[in-house]
Amino acid sequence: MENKEDKVEKIEDVSNEETASQSGQPASIAAAAKPNFGQKIVSAFKNFFTKEHLKEFAKDHIFDICALCGLIVCLIVFTIVPGRHPRDGKLLLWRPQTIKTLISQVSVYFILAIGAVFIYLMGCMDISVGYQVGVFGALFIMIANSSNLFLALLTIIIMGLVCAIFNAFVGAYVKLPTVMSSVILMQLFNGVLLSIFSDRNINALTLNTDIQAVVGSTWFRVIALVLLAFIAFYFLTFTKVGKRSRAIGTNKLAADQAGANLLMTRIVCYVVFSLFLCFGAVMLIARSNSIASSDTTSYQMDIMIMLLMGGMPLSGGMKGKLFNAIIGTFTYVLLNMGLTLCGVPAAYVMLVKSAVFVIIVCLTCRKPGNLLPR
């Protein structure tokens with residue numbers, strides 16, 4: 001009795017013979033003419049580098065290409081301009097201490113930017129990021145010092161979920177722009193942050209438990225960033241939440257009529273955003289085992305600048321990608337550190353970043369006629 005594999009082979013042989021007979025060629029020649037996997041890869045590679053395809057690709061990804069070129073230019077400039085260290089002769093940008101500091105700064109911004117992608121894709125904006133991270137970090141230290149790390153982490157996660165649901169429901173039922181709900185949270189958390197530090201007459205809170213040795217290590221930060229990037233990529237690319245968030249940013253009315261649950265999508269995206277904020281607060285504390293009242297005050301604008309540097313459109317939609325957060329974060333931190341290595345005063349560093357922000361907004365803003373109906 002023939003097994004299933006023999007039957008499958010016979011059917012394939014018969015189909016090959018029929019195809020060859022129809023084309024007037026022997027079965028062996030027809031089988032040889034059929035392209036294999038390697039030939040398909042070579043063909044796809046050749047088709048990609050055709051002039052027409054490259055022109056179309058450049059047109060569709062112009063902002064991503066410009067963002068990548070900006071990162072490359074920063075790498076070249078800040079490798080050459082600061083020069084070498086006078087003692088060991090190594091390039092200042094590529095010294096182990098500089099790279100370690102770069103990873104330490106990138107880790108916090110990177111986590112916050114990845115979380116922000118989920119809401120920026122919907123065309124939403126949150127300007128309470130800095131104060132939320134500051135309050136989450138301060139509460140984490142206070143609860144951990146009086147109880148344990150697990151309870152502290154659970155507390156800030158629950159608080160983040162409450163803020164996420166508030167942001168989602170205010171935009172859905174009160175019909176206010178999402179930025180207005182974030183303004184409410186910004187004022188609220190600003191008051192909480194001021195009361196925490198002013199009541200104790202201190203400028204910083206210190207964690208009694210040393211988490212810097214583990215969570216603050218360079219290898220832990222690198223592994224955490226890679227894992228979080230893969231998780232975010234999976235959710236944005238292969239789940240309904242990621243696809244619907246892009247659809248909402250592109251055309252909210254069309255997404256609603258297509259059957260997308262707008263409220264649930266908003267809630268899930270804001271929940272993911274809040275979870276990233278909580279983890280970012282822990283990573284910030286792990287830098288020095290403490291948090292200061294002024295550590296996070298500029299984060300709300302920093303995140304927006306980073307996403308714009310990476311090519312993220314403020315209107316969100318299909319043009320937004322996780323790639324924008326990755327490139328924008330490294331470009332922003334590299335620009336900040338590079339100017340410092342060049343000896344530029346802190347006040348002028350902020351001036352340069354503001355000028356870059358204005359230039360990017362002017363270059364990436366789109367005419368009303370080019371926007372899809374909202």
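Cluster membership for L68 and V73, using ILVMFWY side-chain heavy atoms within less than 4.5 angstrom, is shared. I99 and I80 fall within the same hydrophobic cluster, defined by Ile, Leu, Val, Met, Phe, Trp and Tyr side-chain heavy atoms under 4.5 Å apart, directly or through other members. Note: the hydrophobic cluster containing F330 also contains I76 (ILVMFWY, side chain heavy atoms under 4.5 Å, direct or indirect links). Under the 4.5 Å side-chain heavy-atom criterion for ILVMFWY residues, no single connected hydrophobic cluster contains both I223 and V106.
Contact between L149 and I211 at its shortest, heavy atoms only, is CD1-CG2, 4.1 Å. Minimum heavy-atom separation, V344 to Y348: CG1-CB, 3.5 Å. Looking at every heavy atom in both residues, A281 comes nearest to F136 through CB-CB, 4.0 Å. Considering every non-hydrogen atom in both A286 and R221, the closest pair reads C-NH2, 3.7 Å. What you find for L322 and A229 is that their closest heavy atoms are CD2-O, 3.4 Å. Closest non-hydrogen pair, Q212 versus N289, comes out as N-OD1, 3.4 Å.
Distance CG/L93 to CG/L334: 6.0 Å, rounded to 0.5 Å. To the nearest 0.5 angstrom, S104 atom OG is 9.0 Å from L284 atom CG. Rounding to the nearest 0.5 Å gives a distance of 4.5 Å between CD1 of I156 and SG of C278. Here the straight-line distance linking atom CG of L188 with atom SG of C163 works out to 7.5 Å at 0.5 Å rounding. Interatomic distance, F279 CZ to S107 OG, rounded to the nearest 0.5 Å: 9.0 Å. Here the OH atom belonging to Y332 is positioned 8.5 Å from the CD1 atom belonging to I303, to the nearest 0.5 angstrom.
Contact check for M309 versus L335: side-chain heavy atoms found under the 4.5 Å cut-off. The side-chain heavy atoms of R287 and Q105, taken from C-beta on, include a pair separated by under 4.5 Å. Under the 4.5 Å side-chain criterion, counting only non-hydrogen atoms from C-beta, L253 is in contact with Q257. Residues D126 and Y120 fail the side-chain proximity criterion, which asks for heavy atoms closer than 4.5 Å. Put simply, the side chain of I291 does not reach to within 4.5 Å of the side chain of F140, judged on heavy atoms. In this structure the side chain of C124 reaches within 4.5 angstrom of the side chain of R266, judged on heavy atoms. Using a 4.5 Å heavy-atom threshold, the side chains of L151 and T155 count as touching. L112 places none of its side-chain heavy atoms less than 4.5 Å from the side chain of F276.
Checking side-chain atoms of K321 against main-chain N and O of K319 turns up a donor-acceptor pair under 3.5 Å. Without hydrogens or angle criteria, T98 side chain to W94 main chain gives no donor-acceptor distance under 3.5 Å. Of the possible donor and acceptor atoms, one in the side chain of T250 sits under 3.5 Å from a partner among the backbone N and O of M318.
Alongside W219, the hydrophobic cluster contains no other residue (criterion: ILVMFWY side chains under 4.5 Å).
In summary, of the residues considered (I267, T265, V271, V272), a side chain to side chain contact (heavy atoms under 4.5 Å, CB included) with C269 occurs for T265 alone. S298 pairs with exactly one of T296, D302, D295 by the side-chain hydrogen bond (donor to acceptor under 3.5 Å, both in side chains) rule, that one being D302. Here the rule is side chain to side chain contact (heavy atoms under 4.5 Å, CB included) with M312, and of I327, D64, N324 only N324 fits it.
Around CZ of F235, the count of heavy atoms belonging to other residues, nucleotides or ligands within 6.0 Å does not exceed 12. Counting non-hydrogen atoms of neighbouring residues, nucleotides and ligands closer than 6.0 angstrom, the CZ atom of F233 reaches no more than 12 such neighbours.
Below 30°, between 30° and 60°, or above 60°: for Y234 and F238 the angle between ring planes is between 30° and 60°, a tilted geometry.
A centroid separation of less than 6.0 Å is found between the aromatic rings of Y299 and Y109.
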Handout entry: Evaluation steps, side chain to side chain contact (heavy atoms under 4.5 Å, CB included), between N203 and F197
Key = CA-CA 6 Å; N203 293 324; F197 288 97; 5.8 Å; no
